[in-house]
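See structure below.
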Amino acid sequence: MDIERLREQTRFEPTEVEPRTVERWLASGLFHPRPGESGEGAYSIAIPPPNVTGTLHMGHALNGSIQDVLIRYHRMRGLNTKWILGTDHAGIATQMQVEKALAAEGLSRRELGREAFVERVWDWRSHYGGQIVEQFKRLGASCDYSEERFTLDDGYARAVAQVFVALYEKGYIYRDRYIVNWDPGTRSAISDLEVEEREETDTLYSIVYDLEGGGTVTIATVRPETMLADTAVAVNPHDERYKDLVGRTAILPLVGRHLPVIADEYVKTDFGTGQLKITPAHDPNDFEIGRRHGLDQVSVIGEDGRMTAEAGERFAGLTVLEAREAVVAALESEGRVTARDPYLHSVPYSHRSGQRIEPLISLQWFMKMDELAAPAIAAVRDGSVRIVPENHRKVYLDWMAEIRPWCISRQLWWGHRLPVYYCESCRAVHVAVSPPQSCPACGGPVYQDEDVLDTWFSSALWPFATLGWPEQTPELGAFYPTDVLSTARDILFLWVARMIMMGIEFTGRPPFREVYIHSVIQAPDGRRMSKSLGTGIDPLKEIGKHGADAVRFGLLAMSSTQDVRYSAKKVQQGQALANKLYNAARFALLRIAEQPGVELSELAGEPRPQTVEDRWILSRLQAIKAEFAARIEVYDFSHAALCLYDFVYGELCDWYIELVKPRLDLDGSAAPQQRRALSETLLHVMRQTVALAHPVIPFVTEELWGYLGGQGLLAGGTWPQAQDDLRDPEAEQEVARAIEAITLLRGWRDSVNAKAGLIVPARIAAEGYDDTATLVARLARLELVSRNGAHAERSVVAAVPVPGGAVEVLGAEGLDLDAAQRRRDAERERLQSEIARSQAKLANEQFVAKAPAEVVEAERAKLERLRAEIEAV
RNA sequence: GGGCGCGUAGCUCAGUGGGAGAGCGCUCGCUUCACACGCGAGAGGUCGCAGGUUCGAAACCCGCCGCGCCCA
């Protein structure tokens with residue numbers, strides 16, 4: 001590497017370095033493992049496939065950073081590591097985007113026809129799809145880009161069909177007329193999980209129905225238009241007021257239908273009058289009551305969101321809201337509306353189209369979940385799938401315990417079409433992977449079901465369908481099950497739970513050992529980050545401004561076990577770290593290069609400690625390696641990132657480099673062996689630091705690895721594990737003591753207004769500085785005076801307490817001694833109060849008797865230390 | 001209605017039984033021969049409120065107030 005370039009370039013420039021570093025990584029083939037390549041075992045992660053139409057948002061950037069840290073760390077640990085990449089066809093989302101584009105041309109999908117429309121979507125995908133994969137590269141994500149999957153690829157589609165057929169044959173998949181969440185926006189049924197409840201205030205109307213044979217009931221409803229479909233009136237069986245009503249008949253106003261009065265536990269006695277209209281075709285709860293009591297189902301709202309002929313001539317064709325007004329007006333004219341009250345309740349909306357859900361009865365395909373859920377519950381309960389953080393475990397188990405059938409058919413065109421065929425002649429139903437040419441029963445012509453599967457049905461197969469299942473491929477053998485699934489919690493039910501169920505059902509094993517649920521990054525003001533709110537922050541823009549390393553570090557550092565606000569400061573901290581590391585390496589290399597008799601290319605980069613600070617940094621390096629590894633193992637990315645920062649700033653740069661500077665001077669006074677040894681040690685420390693930080697900030701570390709003379713690409717290098725033989729508690733203690741003393745002395749200097757450059761004559765009257773006295777003196781800007789040397793006869797003008805005693809200052813030139821006196825008084829006061837506190841504690845018999853011995857002992861030692869310090873002042 | 005979580009320095013957050021912490025911001029001082037994306041020093045907190053357990057509580061328990069999310 002060109003050392004001259006390094007000399008001139010005083011800052012790390014991510015926009016210059018990062019793109020070319022990505023190219024080097026991609027060209028290396030490091031990200032594409034071959035099955036069974038490493039004897040150390042395999043490590044794999046299946047990426048949550050982003051929507052093919054999507055672009056990178058903060059959630060992707062965070063999850064990409066998390067997964068890449070895990071992938072790079074394990075790759076460097078020698079495991080055969082694969083990050084499975086791909087995109088999701090995202091049925092509704094993609095179809096809606098293309099429909100929007102068509103609308104701009106004045107076209108609709110129905111005008112185009114199914115085949116042409118689907119072709120348009122494929123075209124659209126090839127033009128605009130997959131951008132996000134390029135964006136993952138820019139982030140530095142080390143996915144296996146050479147094997148990108150798509151959930152609608154041929155092989156994947158075969159896996160989907162095979163799963164459908166198998167589940168159908170087991171009786172888990174069935175067709176039913178059932179109440180579903182109808183989304184008038186997409187004109188499709190959607191699953192319970194795609195429905196979002198919103199609090200809204202509506203008018204609660206009280207309406208009087210006559211009873212046959214005299215009397216009335218009064219029902220309360222926010223949806224008077226659905227009364228046209230009422231088929232019963234219900235009261236609670238324990239409601240004493242209405243005991244006599246049960247079994248009588250009410251007359252439905254406007255329609256005249258006879259409604260039985262039934263008793264059902266569902267009815268709340270304290271809501272409204274305690275009398276409830278039952279509309280099985282337009283309310284999920286009423287539907288269940290209807291099934292329990294064998295009530296008729298009358299549908300008055302159609303799939304277009306308008307009233308049907310069943311609603312009667314006066315109302316047919318009206319929208320739901322128009323019908324509501326018309327029905328209320330009609331009831332009013334009969335004097336049946338007795339009250340209107342504002343009422344706050346939750347209203348279902350489609351997560352997909354944003355429109356209000358219309359519950360209605362529809363012929364759909366469903367999947368029974370109970371049998372699949374049982375082993376998926378067991379897997380989490382017995383720990384074969386571990387959910388981190390653990391509190392999500394309970395959320396998962398609670399939801400799984402109450403799992404309901406899943407509506408899997410969608411009235412869309414973009415997606416996996418159901419492998420279901422109907423005979424035109426005999427109406428027989430055939431479910432098969434390969435389409436029958438004619439009806440196997442009667443030979444008649446067959447046609448395929450129009451519906452496609454819910455996107456999540458195919459996503460549920462992701463970890464194994466991407467590896468070639470149902471074929472027993474080498475990839476499947478090597479990389480399944482995957483090690484961890486990292487995701488935000490919003491798709492725990494939609495996706496994660498279903499993957500566990502399908503994985504166990506079809507491969508006999510859960511698809512991953514651990515599920516890591518990461519933070520949701522909110523806008524800085526605490527709102528949701530979203531395009532529509534205008535609160536989104538584009539990770540690529542941030543990468544452009546601060547570099548991918550900075551964004552990765554920032555996101556990891558701000559992440560937590562709960563939701564967090566986006567912190568631009570953390571990203572800047574990451575940028576500062578990259579630059580700091582760059583400059584530390586730059587300093588080390590330039591100084592090594594300038595050492596007479598030392599040649600960088602001849603150095604091995606092995607530790608050759610000669611002094612206490614050498615032993616100290618090597619020991620601290622082992623500690624930080626162990627801590628980083630431990631944090632990664634428990635998915636504590638924020639502390640992993642921050643401990644790197646603290647090490648680089650707080651130990652390597654602020655102290656070690658400052659401590660060794662004089663030993664790297666250029667006047668040639670040091671012996672060549674010593675220069676060489678220090679160069680070795682410094683190079684070792686820099687290489688190790690850069691390697692250990694690589695999973696978090698891969699770009700700057702890869703760049704520096706080249707300058708530092710590392711072998712090959714760092715991305716393919718070895719992660720430096722902690723070496724216990726380099727641990728040195730004594731050196732750690734000695735240098736920690738020196739650091740504390742220097743800090744105290746600097747504080748003292750400031751308080752006596754000593755000019756920054758002033759060298760103060762002083763004497764160390766304290767224990768434990770044998771090896772560090774000159775270091776302390778230099779960094780605290782003292783001139784050490786020996787007992788019988790130059791200034792020895794001068795009197796002590798100040799004593800600065802430091803661990804183990806004090807530093808006595810001799811000579812007052814340039815010092816504000818009044819300030820020194822004030823400082824000394826303040827210090828004495830502080831010590832006095834601490835001593836008093838400590839004494840009081842030890843005088844407390846309860847404390848001495850009940851606190852653990854070591855705590856009492858520590859308190860005694862502390863008191864002794866304080867007394868020594870106050871003595872020294 | 002049920003569940004989960006949060007409330008600590010101006011801001012964002014860490015700390016989970018034994019002397020209140022970090023980053024950023026702020027103040028003061030530094031062209032100290034890697035870095036001003038830098039260096040040194042400093043100010044700043046009744047740890048939401050009220051009770052309890054304990055020799056000892058920011059931390060554990062109970063209640064209240066405020067905020068967020070999930071489920072029904």
Side-chain angles (χ1 to χ4, degrees), chain A residues 6-7 9-14 192-193 196-197 268 284-285 346 389-396 398-399 402 489-490 492-493 520 522 524-528 546-547 550 554 557-591 594 636 638-639 642-643 645-646 649-650 652-654 657-658 661 664-666 742-751 753-757 778-781 833-834 837-838 841-852 854-856 858-859 862-863 865-866:
Chain A
L6 193 61
R7 194 187 307 275
Q9 188 65 49
T10 62
R11 282 188 191 177
F12 177 66
E13 295 290 352
D192 296 336
L193 287 170
E196 172 191 340
E197 301 284 336
K268 292 184 197 119
N285 291 311
S346 50
E390 206 170 343
N391 53 325
H392 293 288
R393 197 182 113 107
K394 187 174 144 48
V395 178
Y396 169 94
D398 288 351
W399 184 78
E402 308 235 334
R489 61 166 190 284
D490 55 345
L492 184 63
F493 308 143
V520 172
Q522 301 167 332
D525 61 6
R527 287 189 294 169
R528 210 162 52 82
H546 306 286
M558 71 184 87
S559 78
S560 156
T561 54
Q562 63 200 41
D563 293 353
V564 290
R565 298 175 184 209
Y566 182 79
S567 159
K569 299 291 179 197
K570 284 279 192 301
V571 173
Q572 282 160 25
Q573 204 181 334
Q575 187 178 3
L577 174 64
N579 187 60
K580 189 77 174 173
L581 196 56
Y582 171 84
N583 270 291
R586 178 166 166 264
F587 170 80
L589 286 166
L590 293 176
R591 277 302 170 87
E594 286 159 357
D636 182 357
S638 119
H639 287 103
L642 291 169
C643 84
Y645 180 93
D646 288 341
Y649 270 79
L652 179 61
C653 293
D654 287 352
I657 289 181
E658 294 305 324
K661 270 181 178 174
L664 287 165
D665 68 1
L666 307 173
I742 292 164
T743 304
L744 287 164
L745 286 160
R746 281 171 173 170
W748 174 82
R749 289 178 63 102
D750 216 55
S751 74
N753 302 324
K755 287 264 179 260
R778 186 168 50 81
L779 293 187
R781 305 224 153 201
S833 80
E834 280 206 46
R837 226 176 80 150
S838 187
K841 208 166 177 182
L842 287 164
N844 183 347
E845 284 171 32
Q846 298 271 31
F847 173 72
V848 180
K850 293 190 177 171
E854 61 268 25
V855 172
V856 177
E859 195 60 37
K862 176 180 149 191
L863 181 58
R865 205 188 70 227
L866 290 168

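If you're wondering where the values come from, they're calculated on a predicted model, not measured in any experiment. Chain naming here is simple, since letters A, B, ... match the order of the sequence lines and numbering starts at 1 in each.
Each of A:Leu652 and A:Glu834 lies near RNA chain B, and the nucleotide nearest A:Glu834 is the one positioned closer to the 5' end.
If you check every strand for non-hydrogen atoms under 4.0 Å, A:Asn753 touches nothing. Within the nucleic acid shown, A:Val855 comes within 4.0 Å of at least one base atom, counting heavy atoms only. Residue-level contact check: A:Glu658 touches the bases, meaning some heavy atom is under 4.0 Å from a base atom. Residue A:Ser751 is out of contact with every strand shown, counting any heavy-atom pair closer than 4.0 Å. Note on A:Arg489: only backbone sugar-phosphate atoms sit closer than 4.0 angstrom, heavy atoms only; bases stay farther off. A:Arg11 comes within 4.0 angstrom of a base, heavy atoms only. Using a 4.0 Å heavy-atom criterion, one finds that A:Glu859 contacts no nucleic acid atom at all. Counting any heavy atom pair closer than 4.0 Å across all strands shown, A:His639 reaches sugar-phosphate atoms only and no base atom.
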Query raised in the report: Where along nucleotides 24-32 of chain B does protein come under 4.0 Å, by heavy atom, of base (B) or sugar-phosphate alone (S), with - for untouched nucleotides?
Result: S-------S
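Judged as a side-chain hydrogen bond (donor to acceptor under 3.5 Å, both in side chains), and not counting sequence neighbours, the contacts of A:Ser838 are A:Glu859. Considering only residues two or more places apart in sequence or on other chains, A:Phe493 meets the side chain to side chain contact (heavy atoms under 4.5 Å, CB included) condition with A:Leu193, A:Val395, A:Trp399. Residues forming a side chain to side chain contact (heavy atoms under 4.5 Å, CB included) with A:Thr10 (at least two apart in sequence, or on another chain): A:Arg586. A:Glu13 pairs by the side chain to side chain contact (heavy atoms under 4.5 Å, CB included) definition with A:Gln9, A:Arg11, A:Glu16, not counting sequence neighbours. With sequence neighbours excluded, the residues forming a side-chain hydrogen bond (donor to acceptor under 3.5 Å, both in side chains) with A:Glu658 are A:Lys661, listed by chain and number. Evaluation of the side chain to side chain contact (heavy atoms under 4.5 Å, CB included) rule for A:Asn844 yields A:Gln846, A:Phe847 as partners, not counting sequence neighbours. Partners of A:Phe587 according to the ring pair (Phe, Tyr, Trp, His ring centres under 6.0 Å) rule, which considers only residues two or more places apart in sequence or in another chain, do not exist here. With sequence neighbours excluded, no residue forms a side-chain hydrogen bond (donor to acceptor under 3.5 Å, both in side chains) with A:Arg778.
A sub-4.0 Å separation between OP1 or OP2 of B:G38 and a side-chain N or O of A:Tyr649 is present. Neither OP1 nor OP2 of B:G2 sits under 4.0 Å from any side-chain N or O of A:Lys394.
Using a 4.0 Å cut-off between charged side-chain N and carboxylate O, A:Arg746 and A:Asp750 make no salt bridge.
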Report task. Could you summarise the pairing of RNA chain B as dot-bracket text, marking Watson-Crick and G-U pairs under 3.5 Å with ( ) or [ ] inside the strand and | across strands? Result -> ((((((((.[[[[.)..(..]]]].(((((.......))))).....[[.[[..)....]].]]))))))).
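Between B:G42 and B:C6, the distance separating the two C1' atoms is 32 Å to the nearest Å. Annotation: B:G48 and B:G10 have their P atoms spaced 13 Å apart (nearest Å).
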Every protein N/O lying under 3.5 Å from an N/O of nucleotides 52-57 of chain B:
{"unit_1": "B:C55", "atom_1": "OP1", "unit_2": "A:Lys850", "atom_2": "NZ", "d": "2.4"}
{"unit_1": "B:C55", "atom_1": "O2'", "unit_2": "A:Asn844", "atom_2": "ND2", "d": "3.1"}

Atom pairs under 3.5 Å: protein N/O with N/O of nucleotides 10-13 of chain B:
{"unit_1": "B:U12", "atom_1": "OP1", "unit_2": "A:Arg565", "atom_2": "NH1", "d": "3.2"}
{"unit_1": "B:C13", "atom_1": "OP1", "unit_2": "A:Arg565", "atom_2": "N", "d": "3.4"}

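Side chain of A:Arg749 to main chain of A:Ala780: a donor-acceptor pair is present (N/O by atom type, distance under 3.5 Å, no hydrogens or angles).
Rounded to whole Å, atom P of B:G40 lies 6 Å from atom CZ of A:Arg746. If you take CG of A:Asp646 and P of B:G21, they are 15 Å apart, rounded to a whole angstrom. Rounding to whole angstrom units, CG of residue A:Leu842 and C1' of B:G19 are separated by 13 Å. When the C1' atom of B:G3 is taken as reference, atom NE2 of A:His392 falls 13 Å away, rounded to whole Å.
Each of B:G5, B:A34, B:A41 was ranked by its minimum atom distance to the side chain of A:Asn391; first place goes to B:G5.
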Query raised in the report: Step by step, would you call A:Tyr582 with A:Leu6 a side-chain contact (heavy atoms from CB on, under 4.5 Å)?
Result: CA-CA 10 Å; A:Tyr582 171 84; A:Leu6 193 61; 3.6 Å; yes
